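Every chain is numbered from 1 and lettered A, B, ... according to where its sequence line falls, protein lines coming before strand lines. As the structure is a prediction and not an experimental result, all values here were calculated from the model.
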There are 2 protein chains.
Amino acid sequence: MSKSEISACTTEVKPYHHGDLRRQLLDAAANLIREEGEAALSMRKLALAVGVSRTAPYHHFSDKQALLCAVAEEGFRRFRRIVTTRLDTAEPAVVIDEAAIRLFIRRYIDFAVNNAEYYDLMFGGHLWKSEQLTASLKGEAYTSFKVYVDQIRCWQKARLVSSTVDPLRYAQVSWSTLHGMSRLLIDGIYLDSEAVAAMSDAAANMFWQQLQAA
Amino acid sequence: MSKSEISACTTEVKPYHHGDLRRQLLDAAANLIREEGEAALSMRKLALAVGVSRTAPYHHFSDKQALLCAVAEEGFRRFRRIVTTRLDTAEPAVVIDEAAIRLFIRRYIDFAVNNAEYYDLMFGGHLWKSEQLTASLKGEAYTSFKVYVDQIRCWQKARLVSSTVDPLRYAQVSWSTLHGMSRLLIDGIYLDSEAVAAMSDAAANMFWQQLQAA
DNA sequence: ATGCAAATATAGACAGCGTCAAGATGCCTT
DNA sequence: AAGGCATCTTGACGCTGTCTATATTTGCAT
């Protein structure tokens with residue numbers, strides 16, 4: 001007697017093959033991390049959450065680490081859509097002013113804080129020190145950074161930013177600032193959420209001044 | 001027959017009471033984290049490393065979390081000694097220039113990178129989101145930050161930095177930068193260690209320019 | 001259509017984890 | 001000497017990641 005015969009009498013028919021497991025695992029993982037923190041995510045809870053046995057996920061992800069990698073990849077997709085949309089456009093931005101920088105900073109921080117479950121994985125030590133880091137994942141991150149550097153180079157050629165600025169160094173330092181603010185907010189060290197806007201604007205002012213330096 | 005009688009014939013006499021367990025646990029914990037990463041630290045391995053049974057540490061620390069808190073506290077002690085030594089002195093620094101800022105930045109990054117096992121705990125989410133965070137620990141962190149802000153206020157009063165600078169915002173943003181750089185280096189996202197000095201100097205330039213802003 | 005391989009799901013087992021409860025041992029005070 | 005207290009030990013529990021072996025289903029080749 002097959003299981004489907006047993007469950008046939010109930011309203012919910014649960015097929016042996018789940019059909020959409022990989023996708024649902026990724027979503028459920030992100031949800032679990034968001035709600036209970038990364039530490040609370042276990043393969044077993046995850047499997048239970050989507051209604052399969054504890055070892056089923058291992059047919060879609062070789063490892064817990066591999067699963068987390070895939071979640072991070074999803075994160076990078078969202079990141080690109082939200083943050084780099086305007087920077088990635090074919091025609092380089094014709095205007096660059098403090099307001100534009102402010103907007104970019106707010107977008108970045110917003111993404112990090114409101115998608116902490118992804119941000120943690122994307123730019124956390126777990127992934128980057130783990131050797132498991134996919135080439136495609138590493139590429140995705142480096143590409144995002146390169147786009148940022150190239151943007152500055154482009155502005156510089158168009159005489160929109162000072163020629164004394166080293167685009168690579170500026171990119172490294174300013175990204176550090178954004179990452180640092182994000183981490184301090186996510187980790188609960190900066191608690192005053194009222195101050196986020198003021199901090200972002202102060203950073204924008206600092207960046208802008210640096211870009212205009214004589 | 002007591003255990004000491006058994007081991008009396010060997011060169012190593014192991015008394016029932018360890019005598020110095022708490023101290024050794026803290027040191028061994030830092031070592032284990034340094035060598036194998038925070039994730040690899042387990043209470044059982046730790047106990048084994050210092051030669052006691054698995055539950056012995058629980059007589060000195062109520063929790064694994066409590067143990068980590070204590071390690072972080074040790075970290076803050078070292079942090080203050082190394083980084084804020086010059087800033088904490090009674091007489092405020094009479095000179096403040098880009099070189100001084102460079103030095104401070106390098107000290108900070110140096111500490112973070114070379115004491116990653118402490119830095120992770122001191123400024124990582126594990127601690128700060130855990131409710132277990134001791135009042136004294138939180139105080140230690142806030143004091144460090146306050147010293148930083150007050151230093152800037154002091155310089156401002158002495159007309160050494162522009163009056164247009166908001167000390168609190170400047171402190172928040174510049175600390176974010178330092179924290180971000182540290183994290184990116186520790187987590188292996190910034191790999192080029194050659195570039196650390198150049199990045200630090202670029203940051204110093206940025207900070208200095210901001211402080212001198214008209 | 002039939003049969004067989006591949007994909008997918010399952011239960012069982014193992015070592016390691018944090019930590020609680022009960023008991024053993026040694027030190028210190030009275 | 002006695003007894004209380006700090007310290008350390010063993011035993012146990014439920015949780016974890018993941019290996020192995022087994023069962024079910026799908027899809028393709030015949």
Side-chain angles (χ1 to χ4, degrees), chain A residues 1-8 12-26 28-29 32-33 35-71 121 126-127 130-132, chain B residues 1-8 12-26 28-29 32-33 35-71 121 126-127 130-132:
Chain A
M1 176 155 62
S2 78
K3 210 170 232 173
S4 53
E5 283 180 86
I6 293 177
S7 55
E12 295 243 346
V13 176
K14 184 184 163 193
Y16 188 85
H17 282 274
H18 192 284
D20 200 17
L21 190 50
R22 196 190 141 93
R23 176 78 257 147
Q24 276 189 240
L25 284 172
L26 289 177
L32 271 176
I33 295 176
E35 281 160 24
E36 306 182 36
E38 185 181 339
L41 174 70
S42 78
M43 291 298 258
R44 294 165 110 107
K45 256 197 282 187
L46 184 58
L48 191 71
V50 304
V52 292
S53 73
R54 42 240 131 82
T55 51
Y58 285 90
H59 292 270
H60 299 270
F61 304 99
S62 64
D63 246 353
K64 184 182 186 182
Q65 191 79 239
L67 184 261
L68 293 178
C69 275
V71 176
L121 292 175
H126 280 153
L127 208 60
S130 82
E131 315 283 343
Q132 286 241 17
Chain B
M1 179 155 61
S2 79
K3 211 169 230 173
S4 53
E5 282 179 87
I6 294 178
S7 55
E12 295 239 348
V13 176
K14 184 183 163 193
Y16 187 86
H17 282 276
H18 192 285
D20 199 18
L21 191 51
R22 195 191 142 93
R23 175 79 255 148
Q24 277 189 240
L25 284 171
L26 289 176
L32 271 176
I33 295 176
E35 281 160 24
E36 307 181 36
E38 185 180 338
L41 174 70
S42 78
M43 291 299 258
R44 295 165 109 109
K45 258 198 279 187
L46 183 59
L48 190 70
V50 303
V52 292
S53 73
R54 49 229 138 79
T55 52
Y58 286 90
H59 292 268
H60 299 270
F61 304 98
S62 65
D63 243 356
K64 184 182 187 182
Q65 191 80 239
L67 184 261
L68 293 177
C69 275
V71 176
L121 293 175
H126 280 153
L127 208 60
S130 81
E131 314 282 342
Q132 286 241 17

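- Atoms CD (B:Glu38) and P (C:dG18) sit 12 Å apart, rounded to a whole Å.
- Residues forming a side chain to side chain donor-acceptor pair (under 3.5 Å) with A:Gln65 (at least two apart in sequence, or on another chain): none.
- Taking atom NZ on A:Lys64 and atom P on C:dG16, their separation rounds to 18 Å, with Å as the unit.
- Taking CG from A:Leu41 and NZ from A:Lys64, the interatomic distance works out to 5.0 Å, rounded to the nearest 0.5 Å.
- When the nucleotides C:dA11, D:dT9, D:dG17 are ranked by their closest atom to the side chain of A:Tyr58, D:dG17 comes out on top.
- Judged as a salt bridge (charged side-chain N to carboxylate O under 4.0 Å, His left out), and not counting sequence neighbours, B:Arg22 has no contacts.
- One can find a donor-acceptor pair under 3.5 Å joining the base of D:dT10 and the side-chain atoms of B:Thr55.
- Each of B:Arg54 and A:Ser53 has a nearest nucleotide on DNA chain C; the 5'-most of these lies closest to A:Ser53.
- The distance between atom CG of A:Asp63 and atom C1' of D:dT16, rounded to the nearest whole Å, is 14 Å.
- Distance check: A:Glu38 CD to A:His126 NE2 gives 5.5 Å after rounding to the nearest 0.5 Å.
- Results of the side-chain contact (heavy atoms from CB on, under 4.5 Å) test with A:Pro57 over A:Asp63, A:Leu25, A:Leu46 single out A:Leu25 as the only residue that passes.
- Annotation: side chain to side chain donor-acceptor pair (under 3.5 Å) contacts of A:His60 (sequence neighbours excluded): none.
- The CZ atom of A:Phe61 sits 12 Å away from the P atom of C:dA9 (whole-angstrom rounding).
- Nearest to the side-chain atoms of A:His59 among the listed nucleotides D:dC19, D:dC8, C:dT8 stands C:dT8.
- When the P atom of D:dG17 is taken as reference, atom NE2 of A:His126 falls 13 Å away, rounded to whole Å.
- Taking only side-chain nitrogens and oxygens, A:His60 never comes nearer than 4.0 Å to OP1 or OP2 of C:dA7.
- Not a single salt bridge (charged side-chain N to carboxylate O under 4.0 Å, His left out) links A:Arg44 to another residue, sequence neighbours left out.
- One finds the CE atom of B:Met43 at 8.0 Å from the CZ atom of B:Phe61 (value rounded to the nearest 0.5 Å).
- Between its two ends, the helix from C:dA1-D:dT30 to C:dT30-D:dA1 turns its axis by 0°, counting five pairs per end and rounding to 10 degrees.
- Rounded to whole Å, the distance from CD on B:Gln24 to P on D:dT7 is 15 Å.
- Whole-Å rounding puts the B:Leu21 CG to C:dC27 P distance at 15 Å.
- Residues B:Val50 and B:Gln24 approach most closely at CG1-O, 3.9 Å, considering heavy atoms.
- Heavy-atom distances under 4.0 Å link DNA chain D to A:Leu41, A:Ser42, A:Met43, A:Arg44, A:Lys45 of residues 40-49 of chain A, given in residue order.
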